Amino acid sequence: MKDWSIFSKLDHNGGYLHKFPIDSPVSHDIGLGLISQVGNLVECSFQHPRHICATGSGAVQEVFSCFNKFAGAFYFWFSRASNPKLFQRLSAAAGSSSTACRSHMKQVTSCLQHLPGLQFGSQLREEHAIQVLLARLASATFGRLWAEVEERHACNVLMLAAATVIPPFENISPKILADSMALGKGGRHIQEPVDQPYSEENSPGCACVAVPRVILPEDATEPKTGIKFPTLLDNNSNLTREVLVGMGFRSMRIMRVKNLNLYAFGLYIQPDSICKKLGPKYACIPDAELKDHPDFYEDLLRENIDMTVRLVVSYNGLSIGTVRDAFEKSLGFRLQKMNPNTDYNCLKTFGSYFSEDIRIPAIDFRQTCDGQLITEIDGKQIGTVQSKDLCRAFFDMYIGDPPVSVETKQDIAQNVAGLIKRC
Ligand SMILES: CCCCCCCCCCCC(=O)O
């Protein structure tokens, strides 16, 4: 699975971040609120197995760190609650929590009610007994819930891995890969030939020519923003398909304190184009070394390879004027760096496409092998600039120096290495 690192990565971290309403005020009800929240978390993981996996440990840890933060108040509140209403409230909490939590709570509350000596007349003994039992209750309940969350999480990762059996590129013949990219062939999935049933013998991984049943998930999710990208992108101008080789997000620091996620991006490459232009030079370089090869990114940028960057807005407060200015600034800097004597008219033409009347939830920027930069919204071209310098400046933002995301740049190298292996 090495060469599909981008997808295996998505499988483990992808999906949207499930937000749990944990910011309720510290109040008399915080203990019950937290039990209920954690119970909901576990229940949610049962009902929406992908979410808990997609959440990764982040949201789970958020909830549990919140629990830790309020544990003192929680314990204090329980230990003070020495009145008959306590039992009703515990039962109510049990009623609103997960099944595991519910049965555990019921067990303990009934245990509390039947303890000899725990009559409400004897205040001290009662308080002490309640403190001990409730401390145990808190630790046992949360310990158990935590174990369930972890168990479920591990299970979900396995389920997902099994559900999206994605063989590495080297197990797919280049012909099949190229065919599947061509429009009108078998939708987004690579299909097995009808005369060859799927079996262990011809499954991915064996030395014979293997044709997997279904190899690509419909969409991949950029983990930080939760934005989805198709794994294959139709290129309507030359009727080919491009493959997603990397995703990332662009953030901006506001007043040195807040990070704003402006947009997510996905980079797509046409495998044939890679094979023709980079195959001969890089086929013998081990996959893991490609990202550190001194010429690799430079060649990727210089060789006019068919590729596309899709940008999808994450922060909705961006005006079209801001987008235009940001592009002019970023691209101007890259053009200047590459060639101080460049003709900046290309930048003006490019900027003119961002007129006030366009809506920009997502834009594709496609470079053609003859040096055009095509801008598309919803599959419709809104403009084309003929300038190799501008193409290069544009892709330099994602695979040049400095890149918008170093990690994504490396993922791209890893996945392009996978494509080259199939040439
Ligand atoms: C449709 C998505 C548009 C998102 C806003 C893009 C803003 C311009 C960014 C310029 C490139 C950069 O510096 O990241």
Side-chain angles (χ1 to χ4, degrees), residues 16-17 19 219-230 233 244 246-268 301 307-340 342-367 372-409 412:
Y16 75 88
L17 192 69
K19 289 272 181 213
D219 290 314
T221 305
E222 195 289 304
K224 183 76 180 184
T225 55
I227 289 171
K228 289 188 184 328
F229 289 89
L233 201 62
L244 180 64
M247 295 185 302
F249 66 99
R250 170 76 144 124
S251 68
M252 188 190 256
R253 206 156 182 76
I254 307 282
M255 297 204 287
R256 295 192 187 181
V257 279
K258 191 169 164 43
N259 265 337
L260 212 60
N261 295 335
L262 295 180
Y263 65 86
F265 64 92
L267 194 132
Y268 295 80
L301 284 167
M307 57 184 168
T308 301
V309 164
R310 170 168 288 189
L311 305 188
V312 183
V313 172
S314 168
Y315 171 68
N316 285 325
L318 284 175
S319 72
I320 193 71
T322 311
V323 170
R324 187 175 47 231
D325 291 351
F327 272 128
E328 278 179 9
K329 207 168 150 196
S330 286
L331 291 170
F333 162 74
R334 306 267 167 178
L335 282 168
Q336 163 88 25
K337 182 186 77 167
M338 281 164 12
N339 174 8
T342 195
D343 174 6
Y344 289 94
N345 278 324
C346 61
L347 196 51
K348 267 203 203 124
T349 314
F350 179 79
S352 70
Y353 302 142
F354 299 91
S355 54
E356 294 302 327
D357 56 333
I358 62 166
R359 271 181 39 80
I360 46 151
I363 314 190
D364 291 347
F365 298 94
R366 173 166 288 141
Q367 146 178 300
Q372 294 183 44
L373 186 67
I374 300 173
T375 304
E376 280 182 11
I377 296 181
D378 283 338
K380 290 185 208 78
Q381 288 194 12
I382 62 160
T384 303
V385 184
Q386 176 69 54
S387 164
K388 284 192 176 167
D389 280 351
L390 186 64
C391 288
R392 196 183 158 152
F394 195 91
F395 287 88
D396 192 69
M397 295 193 291
Y398 304 96
I399 45 186
D401 254 336
V404 162
S405 159
V406 174
E407 206 192 340
T408 307
K409 183 175 159 180
I412 291 169

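For clarity, every value in this text was computed on a predicted model and none was experimentally measured.
Scanning all heavy atoms of the two residues, the minimum distance from Gly248 to Glu222 falls at O-CG, 3.5 Å. Heavy-atom minimum distance, Pro402 versus Arg334: O-NH2, 2.7 Å. The minimum heavy-atom distance linking Ser251 with Asn261 is given by the pair CB-OD1, 3.5 Å. Closest of all the heavy-atom pairs between Ser314 and Thr225 is OG-CG2, 3.7 Å. Residues Ile377 and Ala362 share a closest heavy-atom pair of CG2-O, 3.9 Å. Here the closest non-hydrogen pair linking Ser405 and Thr408 is OG-OG1, 2.8 Å.
Proximity of a side-chain donor or acceptor of Thr384 to a complementary backbone N or O of Ile374 within less than 3.5 Å is not detected. In this structure a side-chain-to-backbone donor-acceptor pair under 3.5 Å is missing from Asp378 to Lys380. With hydrogens and angles disregarded, no donor-acceptor distance shorter than 3.5 Å links the side chain of Gln381 to the backbone of Gly383.
Between the side chains of Ser352 and Thr349, no donor-acceptor pair is found at a separation under 3.5 Å.
Residues Asp325 and Val323 have side chains not in contact (no heavy-atom distance under 4.5 Å, counting atoms from C-beta outward). Within the 4.5 Å cutoff, the side chain of Phe395 has heavy atoms near those of the Leu267 side chain. Using a 4.5 Å heavy-atom cutoff, the side chains of Asp364 and Thr375 are not in contact. Between Val257 and Ile254 the shortest side-chain heavy-atom distance does not fall below 4.5 Å. A 4.5 Å side-chain heavy-atom check between Phe249 and Val404 finds every atom pair outside the cut-off. Under the 4.5 Å side-chain criterion, counting only non-hydrogen atoms from C-beta, Ile227 is not in contact with Tyr263.
From Phe333, atom CZ reaches atom CG of Asp396 across 8.5 Å, with rounding to the nearest 0.5 Å. Within the model, atoms OH of Tyr315 and CG of Leu262 stand 8.5 Å from one another, a figure rounded to the nearest 0.5 Å. Here the OG1-CD distance, from Thr308 to Glu376, works out to 7.5 Å after rounding to the nearest 0.5 Å. Between the OG atom of Ser387 and the CG atom of Asn345 there is a distance of 10.0 Å, given to the nearest 0.5 Å. To the nearest 0.5 Å, atoms OG (Ser355) and CD1 (Ile382) are separated by 7.0 Å. In this structure, the separation between CE on Met252 and NZ on Lys258 is 13.0 Å, given to the nearest 0.5 Å.
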Worked check of side-chain contact (heavy atoms from CB on, under 4.5 Å) between Met397 and Leu331: CA-CA 8 Å; Met397 295 193 291; Leu331 291 170; 3.9 Å; yes
Test log, rule ring-ring contact (aromatic ring centres under 6.0 Å, His included), inputs Phe265 and Tyr398: CA-CA 9 Å; Phe265 64 92; Tyr398 304 96; 4.7 Å; yes
Chi angles and distances behind the salt bridge (charged side-chain N to carboxylate O under 4.0 Å, His left out) call for Glu356, Arg324: CA-CA 10 Å; Glu356 294 302 327; Arg324 187 175 47 231; 3.6 Å; yes
Audit row: Arg366, Met307, side-chain contact (heavy atoms from CB on, under 4.5 Å) steps and yes/no: CA-CA 6 Å; Arg366 173 166 288 141; Met307 57 184 168; over 6 Å; no
Ser330/Arg250 under side-chain contact (heavy atoms from CB on, under 4.5 Å): CA gap, chis, key distance, verdict: CA-CA 13 Å; Ser330 286; Arg250 170 76 144 124; 4.3 Å; yes
Trace of the side-chain contact (heavy atoms from CB on, under 4.5 Å) decision for Arg310 with Phe229: CA-CA 8 Å; Arg310 170 168 288 189; Phe229 289 89; 3.9 Å; yes
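Under the rule for a side chain to side chain contact (heavy atoms under 4.5 Å, CB included), the partners of Thr342 that lie at least two apart in sequence or sit in another chain are Leu335, Asn339, Tyr344, Asp389. Asp401 meets the salt bridge (charged side-chain N to carboxylate O under 4.0 Å, His left out) test with Lys409; sequence neighbours excluded. Shown here are the side chain to side chain contact (heavy atoms under 4.5 Å, CB included) partners of Arg392, two or more places apart in sequence or in another chain: Glu298, Leu301, Arg302, Met338.
Heavy-atom contacts from other residues, nucleotides or ligands closer than 6.0 Å to CZ of Arg253 number more than 12. Within 6.0 Å of the NZ atom in Lys337, the count of heavy atoms belonging to other residues, nucleotides or ligands exceeds 12.
Classified by interplanar angle (parallel below 30°, tilted 30° to 60°, perpendicular above 60°), the ring pair Phe350/Phe327 is perpendicular.
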